[in-house]
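Okay, so here's the structure we're looking at.
What you see is a predicted model, and the numbers here were worked out from it, not measured in a lab.
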Amino acid sequence: MTVPPGTASPTPRAAASPISDAYLERGSRSYWRASIALLFAGYATFSLLYCVQPLLPAFSQAFGVSPAQSSLAVSFSTAALALAIFVAGFVSEGLSRHRLMTASLTLSSLLTLGTAFVPHWPQMLALRALVGIALGGVPAVAMAYLAEEVHPDGLGLAMGLYVGGTAIGGMAGRVITSVLADLVGWRVAIGAIGVLGFASTLGFRALLPPSRHFTPSRGLALSDHRAALARHLSGGLELPVLFAMGFLLMGSFVTLYNYLGYRLLAPPYRMSQSTIGAIFVVYLVGVVASPWAGRMADSFGRGRVLIASLVIMLAGVALTLLHPVAAIVAGIACVTFGFFAGHPVASGWVGRLAKAGKGQAAALYLLAYYVGSSVVGSFGGHVWSTFGWPGVAALVATLLVAGLAAAAWLRRRERAGAA
């Protein structure tokens, strides 16, 4: 069926040719090109977003701000990203997925370069917020692209590789900035991340195959977006529970990482920034965890893998309460593995359950995901200042127990065939 010029189509439509009807099959050249391209996108997103996290103590010293105030360098970006993702998830239905993601990555890389030159704290926060806004065109659109273009049998692995890219970015951003901050200062460290983000954008642009199952829907009215939003929120509890899962997973994960540096810089550890940065190499377990969890979810069910991921995170939180550095590192590794196993399962599940408007559904999940990072991440600063690390661990454990209850409910719905 053809659509007359100027007429809005309420949902993305597939082209009629046999070629465009073909999904990206697991193992094919196009499948791996798409997976690697989105690995680049995931790397750039997380490295640009979280490169400042190990620098929070340095910001406290350079700008004379408290730990809770310093954490705003992360929270401003994630809060702005949450809002930008929500808007982008709807606007993206009328734009090229490839162009929107390329523009977002390019602009956020340039803004990160600008952050290296700010003289005052308010300017730092303003630029960090702009980085979050610029990145808004990547996460939800990437999830929607995978859900639309990849054959369902390979979606778990592809989503796992994308999230694995975010793990590489999260590790590289933290390690590179930590080491360079000790050697040449935090400004050069942030600038280097901006340059690497731009290089990743070029790789992404060159590799990503064009969309075959999505055509931009021009002229969508506000009522169309409201209808899509209502479908996702009122068509059963499964999607809203998955949105809440994003809040709990990201809120607990970021809070733990935000204040780890403060703990290890203080007595009795008194570590350097480079040593703390080396601990962030445990992010590499996320590179393994994400594709592994995707394959397990494809084979044994999403509910089982999600429950196991949360249990591993809880065990890791308990380990961080011990005093030996080896126990703390092991605990952080467990939390990281569990998070990067749980997140691709939950996000991929959203794409499976959303029958239409996958971009909007992904945007709602990521809105909750980054609100968790912003709200819980900043609140954790007050908990740290008042109760120290035991208070931070208790806050994170409470979130994870709530996540376990939600995951158990989703598992029951999955077994009943409703999810």
Side-chain angles (χ1 to χ4, degrees), residues 35-36 38-40 42-47 49-51 53-54 156-179 245-246 248-261 263-264 271 274-298 300 302 304-322 324-348 369 373 393 396-397 399-400 403-404 407:
S35 297
I36 294 170
L38 287 168
L39 185 147
F40 275 127
Y43 162 82
T45 301
F46 257 50
S47 64
L49 190 62
Y50 288 108
C51 63
Q53 197 171 49
L157 176 59
M159 191 69 75
L161 288 169
Y162 165 65
V163 177
T166 71
I168 296 173
M171 179 207 69
R174 289 166 169 91
V175 172
I176 291 170
T177 52
S178 295
V179 173
M245 185 66 68
L248 297 169
L249 283 168
M250 191 58 157
S252 57
F253 181 70
V254 166
T255 299
L256 210 69
Y257 267 95
N258 269 1
Y259 305 102
L260 176 66
R263 182 187 184 189
L264 297 179
M271 290 184 180
S274 296
T275 304
I276 294 171
I279 292 175
F280 289 125
V281 172
V282 300
Y283 246 74
L284 285 174
V285 304
V287 179
V288 177
S290 293
W292 173 83
R295 287 195 298 269
M296 293 301 101
D298 288 339
F300 301 109
R302 289 160 180 77
R304 286 181 178 176
V305 178
L306 194 53
I307 289 170
S309 301
L310 289 159
V311 169
I312 292 170
M313 290 183 75
L314 267 172
V317 172
L319 283 172
T320 67
L321 288 169
L322 303 177
V325 172
I328 295 172
V329 173
I332 295 297
C334 287
V335 171
T336 304
F337 185 96
F339 170 77
F340 281 105
H343 170 46
V345 172
S347 57
Y369 180 84
S373 172
V396 171
L399 294 174
L400 293 176
L404 265 177

- request: Report the residue from I307, L248, L399 that forms a side-chain contact (heavy atoms from CB on, under 4.5 Å) with L404.
  value: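 The side-chain contact (heavy atoms from CB on, under 4.5 Å) with L404 is passed solely by I307 among I307, L248, L399.
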
Exercise for review: Check each of V329, T336, V335 against I332 using the side-chain contact (heavy atoms from CB on, under 4.5 Å) test, and report the only one that passes.
Suggested key: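 In the set V329, T336, V335, the residue that makes a side-chain contact (heavy atoms from CB on, under 4.5 Å) with I332 is T336.
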
How long is the span from the [atom1] atom in [X] to the [atom2] atom in [Y], to the nearest 0.5 Å?
X	Y	atom1	atom2	answer
R295	F300	CZ	CZ	11.5 Å
Y259	L264	OH	CG	15.0 Å
L260	I276	CG	CD1	7.0 Å
L249	H343	CG	NE2	8.5 Å
Y162	S35	OH	OG	12.5 Å
S309	M245	OG	CE	9.5 Å

Looking at [Y], is its backbone amide N or carbonyl O close enough to the side chain of [X] to form a donor-acceptor pair, meaning the two atoms are under 3.5 Å apart?
X	Y	result
T255	S252	no
T320	G331	no
S290	F340	yes

Please report the closest heavy-atom contact between [X] and [Y], naming both atoms and the distance.
X	Y	result
V281	M171	CA-CG, 3.9 Å
F339	M250	CZ-SD, 3.7 Å
S178	P54	OG-CB, 3.2 Å
T177	G173	OG1-O, 2.6 Å
V345	A297	CG2-CB, 4.1 Å
L321	A393	CD2-CB, 3.6 Å

Between Q53 and V254, is the side-chain contact (heavy atoms from CB on, under 4.5 Å) condition met? List the steps. CA-CA 9 Å; Q53 197 171 49; V254 166; 3.9 Å; yes

(request) Assign the ring pair W292 / F337 to parallel, tilted or perpendicular, where the plane angle (0 to 90°) is split at 30° and 60°. (result)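 Because their plane-to-plane angle lies in the 30° to 60° range, the rings of W292 and F337 count as tilted.
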
